[in-house]
2 protein chains.
Amino acid sequence: MATIRDVARLADVSVATVSNVLNSVDRVSPELSARVRAAMEKLSYAPHAGARSLRKRSSGLIGLIVGDITNPFFSDLFEAVEDAAAACGYLVLLCNSNERSEREEAHLRMLRTQRIDGLILAPTGAASMNRASLLAQLEIPVVLVDRAMEGLGYDAVVLDNRRAGFEATRHLIGCGHKRIGLVNGPDVLRTAAERLAGYREALLGAGLSVDPDLIRDGAFRQQPAEQAMSELLALPQPPSAIFATNNLMTVGVMKVLADRGLACPEDISVIGIDDLPWAEAVSPQLSAVAQPVRAMGEAALDLLLRRLSGSLQGPGTTSVMAPRLHIRRSCGMPATGRPAHVG
Amino acid sequence: MATIRDVARLADVSVATVSNVLNSVDRVSPELSARVRAAMEKLSYAPHAGARSLRKRSSGLIGLIVGDITNPFFSDLFEAVEDAAAACGYLVLLCNSNERSEREEAHLRMLRTQRIDGLILAPTGAASMNRASLLAQLEIPVVLVDRAMEGLGYDAVVLDNRRAGFEATRHLIGCGHKRIGLVNGPDVLRTAAERLAGYREALLGAGLSVDPDLIRDGAFRQQPAEQAMSELLALPQPPSAIFATNNLMTVGVMKVLADRGLACPEDISVIGIDDLPWAEAVSPQLSAVAQPVRAMGEAALDLLLRRLSGSLQGPGTTSVMAPRLHIRRSCGMPATGRPAHVG
DNA sequence: GAGCTTGATTGAAACGTTACAAAAATCCTG
DNA sequence: CAGGATTTTTGTAACGTTTCAATCAAGCTC
């Protein structure tokens, strides 16, 4: 494979000149520039990123760590980040932690040896001391997405979770529901706690009471959510509507419904957080509080780029994005009395 | 950030020794090895991948180019590839071409400057001369996934598309359907052509005729599939069952059904290729011919690794994977006569 | 214990770039 | 047209590794 020397030789200039046209800096005469470009073309020259990163102390790589690339939220996020990054000449190194903190840490280490210029992190699980120190060792700008971590001074892009919880619940209340089941994430997580807060606020604001029996932990995952949903249905007074606080759990809830032949929204109403690409393709079409994923990805990259260019300085800012309620068909009036199929 | 010299100094050995323990080669005494390891720990040393790749002429990076990371098929594929790659110490550089060949080419160029060691490519669109030459310039092993390209001598991992088409169609026939609509990809693509061949074979084998009116091009995308589906429903004699040859188009088909309030499988049966994570969560639970995505990803990486290690030589082999029919609830007996809601 | 063999350790030359200072070429100005 | 001020071009020293030949130490053999 051709090196910069080969190009220089063929164009009959110095390597420094080739480097200059490569980096389109300095003033190199149009004539030489053309000769160099022709030589590069002829040799189909591609610079060596490793050598460049060695010398420049910057790699043109940015890292993105997500918990589960299979989750539409994260694949959309990647798409948005990569689109924006490519436009600025950055390449995105995607790491899938599979929600396992050991893998996340392993990835962090690999990203360090790759000398990435910046990192966008959607942290999985609880904050750990270990992770905090690994992040610090990176010595590069970090932007948190989806889940903020207090006190580390990083920039963050998050959803207005309280409002998301509030709006979903209020919509259900507006349909006439009084007993609304909540399938939530573990409340040690900020996102889950805030969504719960929104739920309570809506309930209380409408003069309804908050029944702790109706609040279940679905661990933000499908299986546990199915379990939680089953418990909810087994209650002496089951809820007439369900609010699932993320997409995986919404799927779990729907699965239980499908398994038991319960009709939605006739027997029970459902709303979720996170829109799903197929929300309009199923019957009933699913109502949901959507996160502006693309905007979040772009905002995160923008923050990162501004840190990298030095145009943004000082302590981390967290930008809070507004959720958007998509009303479709899965929420209706409460069924009168207890659904026939249950129990 | 600490370099290998710092480690050497602290451990009071030569840099060569540090390098040796780093690469766990040669015979370095346990004593020195321990001292070096301690020093690395203390300095929290991370080697510089760029420098290493410069010297070793291998980067530890492998590339994966897909058309749409948002498609569950591809995100599952990435997950499988990354899992397997991480286990061998490789990092995966994921590129999302968004089904645009210009972006694919741009990515190919970036991957070349990154000096990736190998590439797994799920080519988008038709084979292009340009791409072929870009691939050749890479001068590294390439494995094709999902869609083979003839005559370039690359390894490939593909589905047995004919059989997938055959089994889906036969299932529908087994339910009693005689007029089966096909929403297929563009038949310039091998995969689409083969799936069509399976469809014909099943029909003909059952003594049924192949009605060209029932065969539509949905371009492997959701929107065009919706259009195709609408046309199918508008036929004087609409089909009693639909076979959509990929997941996006299945979503499109279901969306049209949902929009029109048609019940599945009562009014019309549906089967698709590609299982979907939420296939069991919707009603009706969706029948589908699943691709063994994980196995395909692992097979692709395995092929690549064997090329890299030199244990596999010679012309490219293509490994054909068997589809698996998942029968659920979306296929039933044909409705008697034309569905009431249509027209 | 002298010579040999074997095994562990090391010095220094690449690898392909960029950045900086120095050199060369060009353009002014009086 | 000499001399100075600019603008282009270039030589070369890093950057952080690995590799390979060379050195050094230790263990044998007779």
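If you're wondering where the values come from, they're calculated on a predicted model, not measured in any experiment. Residue numbering restarts at 1 for every chain, and letters A, B, ... go by the order of the sequence lines.
At dT18(D), one or more side-chain N or O atoms of Arg52(B) fall inside 4.0 Å of OP1 or OP2 (strictly under the cut-off). For Arg57(B), a side-chain nitrogen or oxygen approaches OP1 or OP2 of dG16(C) to under 4.0 Å. Contact annotation: Arg55(A) side-chain N/O to dA14(D) OP1/OP2 distance is not under 4.0 Å. Between Ser14(A) and dT9(D) there is no side-chain N or O to OP1 or OP2 distance below 4.0 Å. Neither OP1 nor OP2 of dT9(D) sits under 4.0 Å from any side-chain N or O of Asn20(A).
Residue order along DNA chain C, read from the 5' end via each residue's closest nucleotide, puts Ala16(B) first among Ala16(B) and Arg5(A).
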Would Phe73(B) and Val293(B) count as a side chain to side chain contact (heavy atoms under 4.5 Å, CB included) here? Give the steps. CA-CA 7 Å; Phe73(B) 175 77; Val293(B) 194; 3.8 Å; yes

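Atom CD in Glu31(A) sits roughly 19 Å away from atom P in dT7(D) (whole-Å rounding). The separation between Arg9(A) atom CZ and dT9(D) atom P is 20 Å, rounded to whole Å. When the P atom of dC15(D) is taken as reference, atom NZ of Lys56(B) falls 22 Å away, rounded to whole Å. In this structure, His48(B) atom NE2 and dT17(C) atom P are separated by 15 Å, rounded to whole Å. What separates CG of Asp6(A) from C1' of dT17(C) is a distance of 13 Å, to the nearest Å.
Side chain of Val15(B), nearest nucleotide from dT10(C), dA12(C), dT17(C): dA12(C). When distances run from any side-chain atom of Ala51(B) to the nucleotides dG7(C), dG16(C), dT17(D), the shortest one goes to dT17(D). Side-chain proximity of Leu54(A) to dT10(D), dG11(C), dG16(D): nearest is dG16(D).
Other residues, nucleotides and ligands place no more than 12 heavy atoms under 6.0 Å from the CZ atom of Arg221(A).
Among the heavy atoms of the strands lying under 4.0 Å from Ser29(A) are primed sugar atoms or P, OP1, OP2 only; no base atom is included. Residue Thr3(A) is classed as a sugar-phosphate contact, given heavy-atom separations below 4.0 Å to backbone atoms only. Heavy atoms of Ser19(A) sit under 4.0 angstrom from at least one base atom.
Side-chain atoms of Arg103(B) do not come within 3.5 Å of backbone N or O of Gly67(B) as any donor-acceptor pair.
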